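Structure first, then comments.
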Number of protein chains: 2
Amino acid sequence: MLSDTNGSQPKGFMSHDHSGCVSAALAAADKACADRKVQFTAVRRRTLEILLEAHAALGAYDVLARLDADGFGAKPPVAYRALSFLVDQGFVHRIERLNAFVACAHPDTVHNPAFMICRACGTVAEAQASDGGLGPSAETSGFQIEQTVIEAEGLCPLCQDGTT
Amino acid sequence: MLSDTNGSQPKGFMSHDHSGCVSAALAAADKACADRKVQFTAVRRRTLEILLEAHAALGAYDVLARLDADGFGAKPPVAYRALSFLVDQGFVHRIERLNAFVACAHPDTVHNPAFMICRACGTVAEAQASDGGLGPSAETSGFQIEQTVIEAEGLCPLCQDGTT
DNA sequence: CCAATCCTGTTATGATATAACATATCACGG
DNA sequence: CCGTGATATGTTATATCATAACAGGATTGG
Ligand SMILES: [Zn+2]
Ligand SMILES: [Zn+2]
Ligand SMILES: [Zn+2]
Ligand SMILES: [Zn+2]
């Protein structure tokens, strides 16, 4: 299971004051949804808020538990649907390696996200990415890349002491 | 579910005659296990053979069904353990995006695999990869990369007609 | 041969995810 | 406004993926 108790990890791996950060992201999402004429409903908004507050990757069932606690539905589709919406809109990314979801660190720009996942503390940092060096292989073989998952696992700066 | 019926996809996206390819890989694995003094037992060998024959990514339960048919155990740990062994030894790679496993295309060399996954036909091709362009971000933040998952999704050359 | 280690197979359970359906809400033209 | 179609919510049930824990069997190295 993904930790449900370490909700205040540093952003990236640098500590940061975190203030305003949640509300700014919510406001940006509000605006983006208005622009795109999609409904930013209460569950969806709260789901994004949960991920922003956690500032970490959460499993769908972790999110679900919180939605349930807030009086939204308690069954898996409630969480999965809200998460799908947020992923589709680019406000949240799915971390394949962890079967988890994390709020986007810069939802205002078009980007190709990549992630660094600390295997010791579970912190996930979002970075900009290239195509993973697949360009040449793709050209040679004629494969048409639409999306690339890039997830690095290793040790974050804080976990490089003591841990093997 | 992962297709259990398209076992003879082209290698990479180029058709190839496939002959000798299974037995050569098995022989290489035999040798590597001997060198490393690890046991290349019947289930493990057969599991690798199944993936080599399929020449495609198979889910653990697909593999399990075949092992069962061959008289090996029928319960999940049988497949998961054999697959873990093969992944640890580098003969097989796990495709996170598909929750599936694929035989390594060049198990003789040390390499950093990347994959191209066709969203239409499910074919998976292995390519060489860089670090996904994470080098700079990792250096800046002090993250120590140990392993990188790179999985591109898109359309293979054969599926670029007709399909949207 | 014995004992330590490793491997196999089982039972049982946990964790992740979706299909299908009924109800409720929203968007929008009339 | 109000009706109507499109969207969204919540439920039940089930599918899919994965591991813990234990008992028994094979391998290995003395
Ligand atoms: Zn992002
Ligand atoms: Zn860490
Ligand atoms: Zn490989
Ligand atoms: Zn294809």
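Please read all numbers here as calculations on a predicted model, not as lab measurements.
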- [ ] In plain terms, say whether B/Arg66 and B/Glu49 are close enough for a salt bridge, that is, a side-chain N and a carboxylate O under 4.0 Å apart.
- [x]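 Judged by the 4.0 Å cut-off on N to carboxylate O distance, B/Arg66 and B/Glu49 do not form a salt bridge.
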Open item on the list: Can you tell whether the side chains of A/Asp35 and A/Lys31 come within less than 4.0 Å, N to carboxylate O?
Closed with: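 Counted as a salt bridge, because a side-chain N and a carboxylate O are separated by less than 4.0 Å.
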What's the [atom1]-[atom2] distance between [X] and [N], to the nearest Å?
X       : N      : atom1 : atom2 : answer
B/Glu96 : C/dT16 : CD    : P     : 14 Å
A/Leu64 : C/dA17 : CG    : C1'   : 12 Å
A/Phe72 : C/dA24 : CZ    : C1'   : 15 Å
B/Gln89 : C/dC6  : CD    : C1'   : 14 Å
A/Asp62 : C/dG14 : CG    : C1'   : 14 Å
B/Lys75 : C/dT13 : NZ    : C1'   : 14 Å
A/Arg81 : C/dA24 : CZ    : C1'   : 12 Å
B/Leu98 : C/dA17 : CG    : P     : 14 Å

- [ ] With the side chain counted from C-beta on, respond yes when A/Arg97 and B/Gln147 share a heavy-atom pair under 4.5 Å apart, and no when they do not.
- [x]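 The answer is yes; the side chains approach within 4.5 Å.
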N or O in side chain of [X] less than 4.0 angstrom from [N] OP1/OP2:
X       : N      : answer
B/Asn99 : D/dA18 : yes
A/Arg94 : C/dT16 : no
A/Tyr80 : C/dT18 : no

Task: Ring-face cation contact, A/Phe40 with A/Arg45, 6.0 Å cut, 45° max - done: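 Judged by the rule, A/Arg45 and A/Phe40 form no cation-pi pair.
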Open item on the list: Just to be sure I understand the geometry, which residues of residues 32-44 of chain A put a non-hydrogen atom under 4.0 Å away from DNA chain D?
Closed with: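 Residues of residues 32-44 of chain A that come under 4.0 Å of DNA chain D are, in numerical order, A/Gln39, A/Thr41, A/Val43, A/Arg44.
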- [ ] Compute whether any side-chain donor of one residue and acceptor of the other, for A/His93 and A/Glu126, lie under 3.5 angstrom apart.
- [x]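 Note: A/His93 and A/Glu126 side chains meet the donor-acceptor criterion.
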Open item on the list: Regarding B/Tyr61, tell me which of base, sugar-phosphate or nothing describes its non-hydrogen contacts under 4.0 Å with the strands shown.
Closed with: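 B/Tyr61: base contact, heavy atoms under 4.0 Å.
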TODO: Go through D/dA18, C/dT18, D/dG10 for me and flag the one nearest to the A/Pro77 side chain.
DONE: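 For the A/Pro77 side chain, the nearest candidate turns out to be C/dT18.
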Task: Partners passing salt bridge (charged side-chain N to carboxylate O under 4.0 Å, His left out) against B/Asp108 (at least two apart in sequence or in another chain) - done: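 With sequence neighbours excluded, B/Asp108 shows a salt bridge (charged side-chain N to carboxylate O under 4.0 Å, His left out) to no residue whatsoever.
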Task: Heavy-atom pair with the smallest gap, counting every atom of B/Leu48 and B/Ala29 - done: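 Minimum heavy-atom separation between B/Leu48 and B/Ala29: CD2-CB, 3.7 Å.
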